[in-house]
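Input: a single structure, listed below in structure tokens.
Owing to the predicted nature of the structure, the values given are computational and were not obtained by experimental measurement.
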Amino acid sequence: MATFGKMTTQIDPSEAGKDFPVQTRVMFTVRNQPQTGVVTKQLKNAAVVEIDENTKNAELINQSNGVVVINYKQMKKIQ
């Protein structure tokens, strides 16, 4: 079956990324404001995180379409 230009490559996350698989709840900082969210995709040295919406981050959600790319070293796992 042809994929017509859609390339699916396996991205192997770095050692730091192995602690943050998809669906992991994380805490991070954007514009000096603490945020929380869920990892939706792993990259080599960072992850795509869907931001949890709250009353204080409406502008960030609007500007970023609700997702940000965060380096693994800047994230902390939420228990």
Side-chain angles (χ1 to χ4, degrees):
M1 175 186 270
T3 58
F4 297 106
K6 181 180 178 186
M7 295 184 63
T8 55
T9 58
Q10 179 66 24
I11 296 175
D12 189 27
S14 64
E15 272 308 305
K18 297 193 188 294
D19 292 335
F20 300 100
V22 173
Q23 297 300 315
T24 301
R25 298 212 26 86
V26 295
M27 179 183 286
F28 53 95
T29 303
V30 176
R31 299 182 188 154
N32 295 322
Q33 296 294 319
Q35 303 290 334
T36 59
V38 177
V39 174
T40 59
K41 183 176 182 177
Q42 287 187 301
L43 305 172
K44 179 73 177 168
N45 295 310
V48 177
V49 178
E50 183 176 339
I51 304 168
D52 293 335
E53 190 169 357
N54 61 44
T55 56
K56 295 180 181 181
N57 69 359
E59 185 177 337
L60 174 63
I61 295 286
N62 187 37
Q63 290 176 349
S64 66
N65 290 327
V67 295
V68 291
V69 177
I70 302 291
N71 188 297
Y72 293 124
K73 295 176 182 178
Q74 298 174 334
M75 294 190 293
K76 292 181 183 175
K77 207 183 277 192
I78 298 174
Q79 299 297 336

Does D19 come within less than 4.0 Å of K76, counting only side-chain N to carboxylate O?
no
To the nearest 0.5 Å, tell me how far K73 NZ sits from I70 CD1.
14.5 Å
Looking at F20 and M75, what are the two nearest heavy atoms and their distance?
CZ-O, 3.6 Å
Tell me, please, which residues at least two apart from V69 pass side chain to side chain contact (heavy atoms under 4.5 Å, CB included).
L43, A46, V48
Pairs flagged by salt bridge (Lys or Arg N to Asp or Glu O under 4.0 Å) wherever residues 43-69 is involved - sequence neighbours left out
R25-D52
With a 6.0 Å cut-off (strictly less than), is the heavy-atom count around NZ of K18, excluding the residue itself, greater than 12?
yes
List the residues meeting side chain to side chain contact (heavy atoms under 4.5 Å, CB included) with N45, not counting sequence neighbours, and say none if there are none.
S14
Can you confirm whether Q23 sits close enough to V38 that some side-chain heavy atom of one is under 4.5 Å from a side-chain heavy atom of the other?
yes
Heavy-atom nearest pair, V26 first then I78, reads O-CD1, 3.3 Å
Close side-chain approach of Y72 to Q42, heavy-atom, < 4.5 Å
yes
Pair N57, Q35: side-chain N/O donor-acceptor within cut-off below 3.5 Å:
yes
